[in-house]
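This report refers to the structure that appears directly beneath it.
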Amino acid sequence: MTGRMTRRRLLKGAFQGSAVAVGIPFLDCFLNANGTAMASGAPIPVRFGTWFWGLGHTPGRGIGEKTGAGYEFLDECRALDPYKSQINYFSTFNTPLDGRPNNVHYTGWVGCRTGSAPMKVGDIPAPTLDVLISDAIGSGTRFRSLEVAATGNPRDSHSARDSGSLNAAEVSPIALYARVFGPGFADPNKADFKPDPRIMARQSVLSAVQEDSQDFVKGLGRADRARMEEYFTSIRQLENQLALQLEKPAPNEACAVPVSPGDVPLGIEIQTVSSNHKTLAHLLAMAVACNQTKVFNMLYSASLSALRKEGEAATQHTLTHEEPVDPTAGYQLETAWFNHRSMEALAGFIEIFSGIREGDGTLLDNTLIFANSDTNFAKLHALDGVPVMTIGKAGGRIKTGLHIAGNGDPISRIGLTVQQIMGLPVDKWGARSLMTSKPISEILV
Amino acid sequence: MPTKRSHWLLTVLTFAAALSLTGCGPSEPKTSGGPIEVRRLSEAQYRNIVADIFGSDIVVAGRFDPFNRAGGLLAVSAGSATVTPTAFEQYDSLARSIAAQVVDEKNREFLIPCKPAAADQPDEACAGQFFAKTGPLLYRRPLTQVELKRSIAVSAAAAKSLGGFYPGLAYALAGMLETPSFLFITDRLKPGADRPALDPYSKASRISFFLWNSAPDEALLKAAEQGDLDSKSGLQRQVDRMLASPRLKDGVRAFFIDMLALDDFDTLSKDPVIYPAFGLAAANDAKESMLRTITDQLIDHHGDYRDLFRTHKTFLSGPLGVVYRAPVAAPDGWAPYEFPAGEPRAGILSQLGFAALHSHPGRSSATLRGRAVRELILCEKVPDPPGDVNFSLVQDTANPDYKTARQRLTAHRSSPSCAGCHALMDPIGLSMENFDGAGQYRQQENGVAIDTTGEIDGVKFQDAAGLGQAIHDNPATASCIVNRAYQYATGRTIAKDEKDWIAYLERSFAKDGYRFPELLRRIATSDAFYAVSPGEGRSSAPVKSALGPNGDGGKS
């Protein structure tokens, strides 16, 4: 459309030939680029999610050298072939440390998700990407974001506003089900809707809690007052949840309320993780489709992945360091086996999102998934070329099916681009050598 | 009813206190203290408070956001932890569940001090009585007038909309359980003091969370209200009372769960094919056995802390008996057990609570165990591994030269970049190789006899029992627990000007025969424990009590 303000046009205008930082307005034109809508006429929101797997790929076995369109997935990524047109793969982006230590299996994912290298394990130097995005788009749904891990450990979460506010992961399918689809969930496709009269009483209680909290922070110093901001955000989130429960949700043909998954064992044996990942992914996808959240985080395996085969003494992580290279194959066979399983799990995750019809397309078409690992070559804890992918069309706001080589550019360029695609008014992101104002224009629409 | 042992403990403590108060021995070095702390309640603290106030029948069913370990202790992380939206959702759910149970018909008679004039109507007087009694226990201080009125008003409004006094009371109580005044342990300053000092209620909280891992009881709050905690003798009385209480075990258990990272048992799993005897029950019991061994030695027997590393005594349950391959006197419960003299199974490092915890799911790890001894027991930081290490030799059991962990690790240490750190860890961990990844005793690995000789800081030994003796004799062992106990007590790392105080505390611990309750008493009755120096941006306003400073009905 002539004269239409596209994102690409705006970003190009803002960045080309100018060193001056320009704040980008948060415009509606960043949303619904396809102009698609639900059958009810309601616009389809664009969602953002992350997917994490530990320990990267074996060098030379993830992606071929060809860049741009028509790229080739190699052995460990073969399971992703059916979704290549929905995927952008980013290789050879670097994580410069500026003299900071490479805290093995930690610095890689923190640098990628926060645009800043941590000083030590446990440091979250800046909010993670999902937190920044949920701050911008997370309102209007019951949950600002949902964090899920298939490993059975709630600490396995890569979502945090700072070092003291890790968004702990939901690890039990039945607990996730109860949280999203239990009391408080209103089926949008049911004709009758009767708000619970107790909700208004709960709102009054929260108002009192809010007042009490205001009094409480008056007595605190500046640092602790700042820390309590997250607490106030949390109260507002619950207030928002309650307010939404008083409204009849719009009919939503994509939403099919799942059945309870039942109680299942948790653990790190790979069959257990694989099964739980699948169950959690189904619940998560339906939570998104049913408009319960617009932001989600799924962790398949931890960065120090302890996944293992039943009856085997070695874990995936110990294998990466201790397994000898097979002289015939030229790589670590068992390690590669686990890497295969990671990408199969990602393919399964994508399949679930692409299997949910929404408007004229699928849930995946209206979602942007940022998938990354913590290292390139786990055996060496390499930070040059930590693998990153974007998956999904983000409502038509991203070009897909491309292999982008970073050639040593800071990995934060990917995070900056993703924020801009999600409509955040940000023109630079990151710290020190990871600070960048250069989005990846090849994927911008 | 007090036991003979608690009478004896009280006598000893009182005598020791008298000595210190009469000026015997060197005086405590002065410190300027640390910053004001605002610490989020831990899961255990939350649960303990609910049980203390409302009874252990109240079910606290739900998930709590975990802390990340900082400075070696979860307690230190509590000072920077906040409440995320997910965590608040959980707190809301827990609070409503707890409050509903409190007002339930079967409990209200005991937990609510009055009956409403009409059950289907608000009753502000009765609600006021309830909150005036319960509120201070939840907030660890008197309620302000504003807080009291707010709770009564919320209760009345909810009672009207829900059509009942008790549902209204439950909603208002749930609200209290969601406030930062409940969820955060907050230091507050004494008004009008010449220099920054904690108010008495903040002191009471410090003592209580340190010694009992729970909120102050009514007696301690009363002592705070009366100003007793500002005098040495008044403080001493309260500390002695709390040290003599059975609840001391809750506090000591919480400390050792934190110090020894026993919370890691929550996510520990072992391969059921390789270790069929080590299931969930054994994992839970391994942690419990460790804690029973510790409290038995330190509290029940008032023993030397260092003897934990060479004791043959422990406690066994049925599932543990299978793993230890030992007879169990009470298969359905717990029974004391003593490993035969001469066995390498001596000291807590040789128990499942350590050996299984610091292993891989399917095999032992001399490196993980060595690192845990250095970091958890001796408070030494082992550097993280460098990025570019070839570990192939460690795993290559097919190589006839590398059948045992010792052979593999020795080869691995031939790499100069690995040698430095592994020399700190492996000679310790290799002495525990008699215990496999589940902590079960073995004499061979891959058909080769295991060599359990080891060495730490120049002291050589033959096996795990020898390691225990070496840890017992190592000066860092006592120094470490002193440092950890003080950090745990204050919820922060040690301040720069507290070096002399810590050295004094270490000397006192030795003088006290390495008795852990004496260390707790030294800290809890010290000036340093309560000293504060609010830094830039950290201050805290005093509390204005609903009862007024003299209990005068809130004229303040």
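Sequence lines set the chain letters: A, B, ... in the order given, protein chains first and strands last, and positions in each chain run from 1.
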Worksheet item: Between Arg198(A), Glu269(A), Arg161(A), Met200(A), which residue shows the highest count of heavy-atom pairs closer than 4.5 Å to chain B?
Response: Arg198(A)
Item to complete: Please look at Phe143(A) and chain B and tell me whether the side chain, the backbone, both or neither of the residue comes under 4.5 angstrom of a heavy atom of that chain.
Response: side chain
Practice prompt. Supply the atom-to-atom distance Phe184(B) CZ to Met228(A) CE, rounded to the nearest 0.5 angstrom.
Written response: 4.5 Å
Discussion item. Could you check whether Asp215(A) pairs with Arg150(B) (Lys NZ or Arg NE/NH1/NH2 to Asp/Glu carboxylate O, under 4.0 Å)?
Written reply: yes
Discussion item. Determine whether a donor-acceptor pair (N or O, by modelled atom type, separation under 3.5 Å) exists between the side chain of Thr82(B) and the backbone of Arg227(A).
Written reply: yes
Worksheet entry | Top contributor to chain A contacts, counting heavy-atom pairs under 4.5 Å, from Arg96(B), Lys270(B), Arg69(B), His360(B) | Arg96(B)
Fill in: Side-chain heavy atoms of Pro66(B) within contact of Asn153(A), under 4.5 Å
no
Response to the item:
side-chain contact (heavy atoms from CB on, under 4.5 Å) test vs Asp271(B) passes for just one of Glu312(A), Glu310(A), Lys309(A), namely Glu310(A)
Item to complete: Working to the nearest 0.5 Å, report the span between CD1 of Ile268(A) and OG1 of Thr267(B).
Response: 8.5 Å
Discussion item. Any heavy-atom pair between the side chains of Ser269(B) and Arg308(A) that's under 4.5 Å?
Written reply: yes
Discussion item. Please classify the contact of Glu211(A) with chain B as side chain, backbone, both or neither, using a heavy-atom distance under 4.5 Å.
Written reply: both
Response to the item:
Of Pro85(B), Ala174(B), Ser155(B), Pro180(B), the largest count of non-hydrogen pairs under 4.5 angstrom with chain A goes to Pro180(B)
Fill in: Segment of Glu178(B) engaging chain A (4.5 angstrom heavy-atom cut-off)
both
Fill in: Ala81(B), part contacting chain A, at a heavy-atom distance under 4.5 Å
both
Item to complete: Find the distance between CD1 (Ile36(B)) and CG (Asp224(A)) and round it off to the nearest 0.5 Å.
Response: 9.0 Å
Discussion item. Between Glu230(A) and Arg40(B) (salt bridge meaning N to carboxylate O under 4.0 Å), is one present in this structure?
Written reply: no
Worksheet item: Closest approach of Ala313(A) and Ile274(B), non-hydrogen atoms and distance?
Response: N-CD1, 3.6 Å
Worksheet entry | Side-chain touch Phe88(B)/Gln237(A), heavy atoms, less than 4.5 angstrom | no
Worksheet item: Relative to chain B, which segment of Leu166(A) carries a heavy atom at a distance below 4.5 Å: side chain, backbone, both, or neither?
Response: both
Worksheet item: Is it the backbone or the side chain of Ala169(A) that comes under 4.5 Å from a heavy atom of chain B, or both, or neither?
Response: backbone
Discussion item. I'd like to know if Asp266(B) and Arg155(A) make a salt bridge, using a cut-off of under 4.0 Å between side-chain N and carboxylate O.
Written reply: no
Response to the item:
Nearest heavy-atom contact between Asn68(B) and Ser163(A) is ND2-O, 4.5 Å
Fill in: Under 4.5 Å from any heavy atom of chain B - which part of Thr315(A)
side chain
Fill in: For chain B, the option from Arg202(A), His105(A), Lys120(A) that forms the most heavy-atom pairs under 4.5 Å
Arg202(A)
Item to complete: Pick one of side chain, backbone, both or neither for Tyr275(B), based on which atoms fall under 4.5 Å of a heavy atom in chain A.
Response: neither
Discussion item. Counting only non-hydrogen atoms closer than 4.5 Å, does Arg144(A) touch chain B with its backbone (N, CA, C, O), its side chain (CB onward), both, or neither?
Written reply: side chain
Worksheet item: Is the shortest heavy-atom distance from the side chain of Ile235(A) to the side chain of Val83(B) under 4.5 Å?
Response: no
Worksheet item: What distance do Glu147(A) atom CD and Asp65(B) atom CG have between them, rounded to the nearest 0.5 Å?
Response: 9.5 Å
Worksheet item: Checking Arg236(A) against chain B: side chain, backbone, both or neither under 4.5 Å from a heavy atom?
Response: neither
Worksheet item: Would you say Thr179(B)'s side chain and Val209(A)'s backbone share a donor-acceptor pair under 3.5 angstrom?
Response: no
Worksheet item: Looking at side-chain heavy atoms only, is the closest gap between Tyr231(A) and Thr84(B) below 4.5 Å?
Response: no
Practice prompt. Sort Leu280(B) into side chain, backbone, both or neither according to what part of it lies under 4.5 angstrom from a heavy atom of chain A.
Written response: neither
Fill in: Side chain / backbone / both / neither for Ala87(B) at chain A, heavy atoms under 4.5 Å
neither
Worksheet item: Closest heavy-atom contact between Tyr139(B) and Asp212(A)?
Response: OH-OD2, 3.6 Å
Worksheet item: With a 4.5 angstrom heavy-atom cut-off, which part of Thr86(B) approaches chain A: side chain, backbone, both or neither?
Response: both
